[in-house]
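Okay, structure first, notes after.
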Amino acid sequence: MEELYLFNPFRIKSKTEIELKDIYEKIYKELKEEPNTMYEYAHNIEIYSNLNYLVGEIIARLQKDVIELKTKIKIDTAITQTEERKNWNSEVDGKPPAISYFEALATRFSREDINSLADKECSLSRFKNAYKSIEEKINALKKKMESIKFEEFNK
């Protein structure tokens with residue numbers, strides 16, 4: 001399972017999310033369910049490390065999406081707020097309402113993007129949790145290897 005070229009940061013970027021999912025599933029199948037030897041533990045650590053690399057790539061993509069969407073919401077809200085206030089000034093005589101009125105109006109126009117941002121942030125959170133969990137699994141396997149080494153060689 002030495003397909004290290006896949007884990008080149010300059011190449012992984014070109015993979016689609018479906019391709020990453022397929023690679024993840026293919027690598028996951030290589031895990032040894034009940035490792036019995038140091039080699040099998042080391043093998044599983046390598047597998048989990050590769051899985052973590054793929055999860056990290058998805059995290060990077062989601063972070064980019066979140067940043068872009070937050071920026072879009074800010075820009076769209078500012079434009080809508082300005083346009084609504086300008087329209088008020090030209091269409092209605094008298095003092096315009098407080099700026100918070102126009103902020104709320106602009107936010108309402110961005111509702112779909114705000115909901116999309118919430119979904120993306122939830123996905124990002126799930127992948128960050130998976131990444132952390134895999135790291136913890138790797139550390140647990142390393143500790144098991146150390147304890148096996150201690151039991152075998154320090155009797």
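Remember, it's a predicted structure, so these values are computed and weren't measured experimentally.
- Residues that satisfy the salt bridge (charged side-chain N to carboxylate O under 4.0 Å, His left out) test with Lys128, not counting sequence neighbours, are absent from this structure.
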For the pair Ile138 and Asn44, evaluate side-chain contact (heavy atoms from CB on, under 4.5 Å) and give the outcome as yes or no after the intermediate values. CA-CA 8 Å; Ile138 290 169; Asn44 278 1; over 6 Å; no
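- For the atom pair OG of Ser49 and NZ of Lys137, the computed distance is 13.0 Å after rounding to the nearest 0.5 Å.
- Tyr41 and Leu31 end up in the same hydrophobic cluster when Ile, Leu, Val, Met, Phe, Trp and Tyr side chains are linked at under 4.5 Å.
- Rounding to the nearest 0.5 Å places CG of Leu20 at 9.5 Å from CD1 of Ile27.
- Applying the 6.0 Å contact sphere to CD1 of Ile99 captures more than 12 heavy atoms from other residues, nucleotides or ligands.
- Using a 4.5 Å cut-off between side-chain heavy atoms of Ile, Leu, Val, Met, Phe, Trp and Tyr, with links allowed through other members, Tyr53 and Tyr28 fall into the same hydrophobic cluster.
- Between Lys144 and Ser147 the shortest heavy-atom distance is O-OG, 2.8 Å.
- Proximity of a side-chain donor or acceptor of Ser133 to a complementary backbone N or O of Asn129 within less than 3.5 Å is not detected.
- In this structure, the side chains of Tyr24 and Ile58 stay at 4.5 Å or more apart for every pair of heavy atoms.
- Scanning for side chain to side chain donor-acceptor pair (under 3.5 Å) contacts around Lys142 gives an empty result, with sequence neighbours left out.
- Taking the side chain as every heavy atom from C-beta outward, His43 and Glu30 approach each other to under 4.5 Å.
- By the side chain to side chain donor-acceptor pair (under 3.5 Å) test, Thr16 is found to be paired with Glu19, residues two or more places apart in sequence or in another chain being considered.
- The NZ atom of Lys15 sits 11.0 Å away from the CD atom of Glu57 when rounded to the nearest 0.5 Å.
- Hydrophobic clustering (side-chain heavy atoms under 4.5 Å, transitive across Ile, Leu, Val, Met, Phe, Trp, Tyr) groups Met38 together with Tyr48.
- Side-chain atoms of Trp88 and Pro97, non-hydrogen and from C-beta on, do get closer than 4.5 Å to each other.
- Every residue meeting the side chain to side chain donor-acceptor pair (under 3.5 Å) condition with Glu121, not counting sequence neighbours, appears here in chain and number order: Lys70.
- Atom NZ of Lys132 sits about 13.5 Å away from atom CD1 of Ile134, to the nearest 0.5 Å.
- Hydrophobic clustering, with ILVMFWY side chains joined whenever heavy atoms are under 4.5 angstrom apart, keeps Ile67 apart from Ile114.
- Shown here are the salt bridge (charged side-chain N to carboxylate O under 4.0 Å, His left out) partners of Glu136, two or more places apart in sequence or in another chain: there are none.
- Atom CG of Leu124 is separated from atom CD1 of Ile59 by 6.5 Å, given to the nearest 0.5 angstrom.
- Pairs of residues two or more places apart, or lying in two chains, that qualify as side chain to side chain donor-acceptor pair (under 3.5 Å) and include a residue from residues 75-86 are Lys72-Asp76, Thr77-Ser110.
- To the nearest 0.5 Å, the span separating CD1 on Ile73 from CG on Leu117 amounts to 4.5 Å.
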May I have the step-by-step check of side-chain contact (heavy atoms from CB on, under 4.5 Å) for Ile75 and Ile79, ending in yes or no? CA-CA 6 Å; Ile75 292 169; Ile79 289 170; 3.6 Å; yes
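- Salt-bridge annotation for Glu25 and Lys21: present, with a side-chain N of the basic residue lying under 4.0 Å from a carboxylate O of the acidic one.
- Nearest heavy atoms, Lys120 versus Leu62: O-CD2, 4.5 Å.
- Closest non-hydrogen pair, Asn52 versus Ala130, comes out as OD1-O, 4.4 Å.
- Side chains of Met145 and Ile148 form no contact here, defined as non-hydrogen atoms less than 4.5 Å apart.
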